[in-house]
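We name chains A, B, ... by the order of the sequence lines, and we start the count at 1 in each one. None of the values given here were measured: they were computed from a predicted structure.
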Number of protein chains: 2
Amino acid sequence: MRILLIEDDTVLGTAVRDQIAADGQSVDWVSRLDAAADAMAVAAYDLILLDLMLPDGLGIGFLKTLRSRGDVTPVIILTALDQISDRIAGLNAGADDYLVKPFDLTELSARIGSVARRYSGNPNPIITHGALDIDLASRSVHKNGKAVQLTAREWALFDAFLARPGQLLSKTQLEDKLYAFGAEIESNTIEVHVSRLRKKLGADVIHTERGMGYRLGTS
Amino acid sequence: MRILLIEDDTVLGTAVRDQIAADGQSVDWVSRLDAAADAMAVAAYDLILLDLMLPDGLGIGFLKTLRSRGDVTPVIILTALDQISDRIAGLNAGADDYLVKPFDLTELSARIGSVARRYSGNPNPIITHGALDIDLASRSVHKNGKAVQLTAREWALFDAFLARPGQLLSKTQLEDKLYAFGAEIESNTIEVHVSRLRKKLGADVIHTERGMGYRLGTS
DNA sequence: ACCAACCTGACAGCTTCCTGAAGCACGCCC
DNA sequence: GGGCGTGCTTCAGGAAGCTGTCAGGTTGGT
């Protein structure tokens with residue numbers, strides 16, 4: 001399950017990220033709303049953890065915008081404001097759950113597990129894509145029934161395509177996904193990794209669109 | 001499945017009992033260790049839920065006595081958050097799992113279900129994995145028919161892999177399983193135990209995926 | 001045909017992992 | 001109570017293999 005954490009507090013963010021990772025979920029952590037929007041353009045998330053007080057705006061507005069666009073991604077709000085009115089505002093804006101700081105990390109795990117169970121019908125979904133069988137939970141890929149070993153970077157890249165099947169992803173977007181947002185990569189790293197992925201998974205898995213980017217091959 | 005609940009808190013006890021009953025399991029609920037001993041003399045239980053702080057003694061001692069008598073009934077410890085050392089002691093004493101109060105009731109159901117599936121699937125649950133024969137109930141491993149002696153930590157680690165065969169487990173996940181959540185391990189203990197396990201069980205039993213974690217080897 | 005964009009083999013640096021050994025805590029036995 | 005043994009953790013040196021960079025080749029559009 002992919003989780004987007006929007007939180008500007010470094011200490012809390014680190015703790016939450018580590019906790020989620022310990023639960024075996026993959027996390028992207030951003031500290032601003034504009035970075036969150038960028039992240040969501042690159043990858044589809046199954047759950048958003050949203051702080052309400054952020055340097056570039058209020059989380060409530062972000063949530064409302066999200067919902068007005070028809071996005072139904074589950075959102076759990078993290079906030080220090082334990083006032084009833086804020087809680088109601090958050091839930092009215094379309095939040096699924098609410099955690100008041102300081103919260104227990106096991107409590108967070110439980111809520112995440114609850115959301116996961118509610119929204120993902122089967123526990124271990126296996127995606128079939130051409131000759132490939134992909135198990136997101138166990139991070140394994142089989143090609144024609146034979147296991148394929150992907151390295152950490154290769155998986156991160158492949159995962160980006162799987163999150164947005166059929167969608168065009170620019171090299172910049174992919175860099176943002178593979179590295180920290182804003183990381184300076186002044187070489188053709190993405191091309192190299194795409195090449196390695198193709199060698200392992202098959203040449204037609206990722207399709208190049210010259211000057212634009214890449215997208216997951218059809219079928 | 002018959003479950004023995006040892007818990008002196010009335011509110012929590014009631015909630016747990018009702019939750020288990022709702023899952024369709026039968027529960028006996030006692031609030032003292034001597035009552036627990038009496039109950040176990042009368043009926044055989046498939047699972048014990050054990051609070052550590054009880055009016056007539058510590059649950060740890062009860063668990064140790066149980067194990068020293070050769071009783072291998074699965075035990076899940078229920079404990080308050082601030083007793084990290086107790087939790088480690090509990091796992092060392094032979095507990096199968098632990099839950100930190102306050103815990104989510106669905107989480108409890110999930111743990112119970114996990115234990116139930118693993119221990120009561122077939123009357124004599126022996127897993128064969130390559131050259132290994134593993135008996136979960138008696139916690140013994142045979143390699144090519146020859147008994148292999150595993151220490152407490154080694155078993156806990158191996159057990160984590162057996163619980164999720166084929167699944168990638170990060171070092172953080174394994175630390176959480178072997179110790180308590182949030183226990184700070186700033187060394188390579190997991191690596192060392194993996195190394196020991198491989199020496200005892202065979203180099204190909206656990207497979208390393210660099211930068212991501214470990215998983216049980218195939219076959 | 002030209003140029004830009006992309007592909008891919010090679011390689012060095014560096015993160016990550018392995019493992020032997022030493023130190024430490026705890027329980028056991030006399 | 002003191003000595004002993006077992007198992008766990010930490011540390012450090014070395015090994016393994018991932019990954020970013022580059023260079024030269026290939027492709028595709030105009």
Side-chain angles (χ1 to χ4, degrees), chain A residues 21 139 148-160 168-172 174-180 183-215 217, chain B residues 58 60-61 63-65 67-68 84-94 139 148-160 168-175 177-180 183-215 217:
Chain A
R139 290 198 171 189
V148 178
Q149 295 290 342
L150 295 187
T151 69
R153 284 269 189 271
E154 286 163 3
W155 177 264
L157 180 63
F158 190 40
D159 188 59
L168 180 70
L169 297 175
S170 74
K171 265 187 266 198
T172 313
L174 292 170
E175 281 171 8
D176 286 346
K177 170 83 174 126
L178 254 66
Y179 310 94
E184 302 288 330
I185 297 292
E186 64 274 354
S187 79
N188 61 345
T189 311
I190 296 296
E191 295 172 13
V192 172
H193 281 296
V194 167
S195 169
R196 290 181 181 146
L197 257 189
R198 282 178 177 149
K199 194 185 255 181
K200 288 190 178 180
L201 302 180
D204 54 342
V205 168
I206 296 170
H207 185 242
T208 304
E209 310 224 343
R210 255 181 122 73
M212 315 272 289
Y214 299 92
R215 77 173 79 219
Chain B
L58 290 175
I60 288 281
L63 176 55
K64 280 184 184 169
T65 307
R67 293 291 184 242
S68 70
I84 293 185
S85 57
D86 288 340
R87 273 179 276 158
I88 295 176
L91 292 173
N92 284 341
R139 301 193 165 193
V148 178
Q149 206 64 31
L150 294 187
T151 68
R153 283 274 186 276
E154 287 163 2
W155 174 263
L157 182 62
F158 191 41
D159 189 58
L168 181 71
L169 297 174
S170 72
K171 260 187 270 199
T172 317
Q173 279 177 291
L174 293 170
E175 281 172 7
K177 168 80 174 129
L178 259 66
Y179 311 94
E184 299 291 328
I185 299 291
E186 65 274 352
S187 80
N188 60 346
T189 311
I190 297 295
E191 295 171 15
V192 173
H193 284 297
V194 166
S195 171
R196 298 228 172 91
L197 259 188
R198 290 209 260 238
K199 196 184 254 181
K200 287 189 178 179
L201 302 180
D204 53 342
V205 168
I206 296 171
H207 185 242
T208 304
E209 311 219 347
R210 228 157 223 274
M212 300 197 288
Y214 299 92
R215 81 172 81 217

**OP:** Answer yes when B:R215 and B:E209 have at least one side-chain N-carboxylate O distance shorter than 4.0 Å, and no when they do not.
**Re:**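 Salt bridge flag = yes for B:E209 with B:R215.
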
**OP:** Decide, yes or no, whether a salt bridge links B:R196 with B:E154 under the criterion of side-chain N to carboxylate O below 4.0 Å.
**Re:** no

**OP:** Indicate yes or no for a side-chain donor-acceptor contact from A:K200 to the backbone of A:Q149 under 3.5 Å, with no hydrogens or angles considered.
**Re:** yes

Give the rounded distance in Å between these two atoms: [atom1] of [X] and [atom2] of [N].
X	N	atom1	atom2	value
A:K200	D:dG17	NZ	C1'	11 Å
A:L157	D:dT19	CG	C1'	13 Å
A:E209	C:dC6	CD	C1'	14 Å
A:W155	D:dC18	CH2	P	16 Å
B:I206	C:dC18	CD1	C1'	13 Å
B:H207	C:dC17	NE2	C1'	13 Å
B:L197	D:dG7	CG	P	14 Å
B:L150	D:dG7	CG	C1'	13 Å

**OP:** With DNA chain D as reference, determine whether B:E154 or B:R210 sits nearer its 5' end, using the nearest nucleotide of each.
**Re:** B:E154

Subject >> Base-contact (B) and sugar-phosphate-only (S) positions in nucleotides 19-26 of chain C, heavy-atom cut-off under 4.0 Å, - elsewhere >> reply: BS------

Does [X] place a side-chain N or O at less than 4.0 Å from the phosphate oxygens OP1/OP2 of [N]?
X	N	result
A:T189	D:dT19	no
B:Y214	C:dT16	no
B:T151	D:dT6	no
B:K171	C:dT16	no
A:Y179	D:dG20	yes

Original post:
So, do B:T189 and B:H193 sit near enough that their side-chain heavy atoms are less than 4.5 Å apart?
Top reply: yes

Original post:
Do A:L197 and A:V205 have side-chain heavy atoms sitting under 4.5 Å apart?
Top reply: no

Subject >> Any donor-acceptor N or O pair under 3.5 Å, side chains A:T208, A:R198 >> reply: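 Distance-only check passes for A:T208 and A:R198.
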
**OP:** Remember a base hit wins even if backbone is also touched, and classify A:R153 as base, sugar-phosphate or nothing at under 4.0 Å, heavy atoms.
**Re:**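 Sugar-phosphate, backbone atoms only, no base.
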
**OP:** Enter the distance from A:L174:CG to A:Y214:OH here, rounded to the nearest 0.5 Å.
**Re:** 8.5 Å

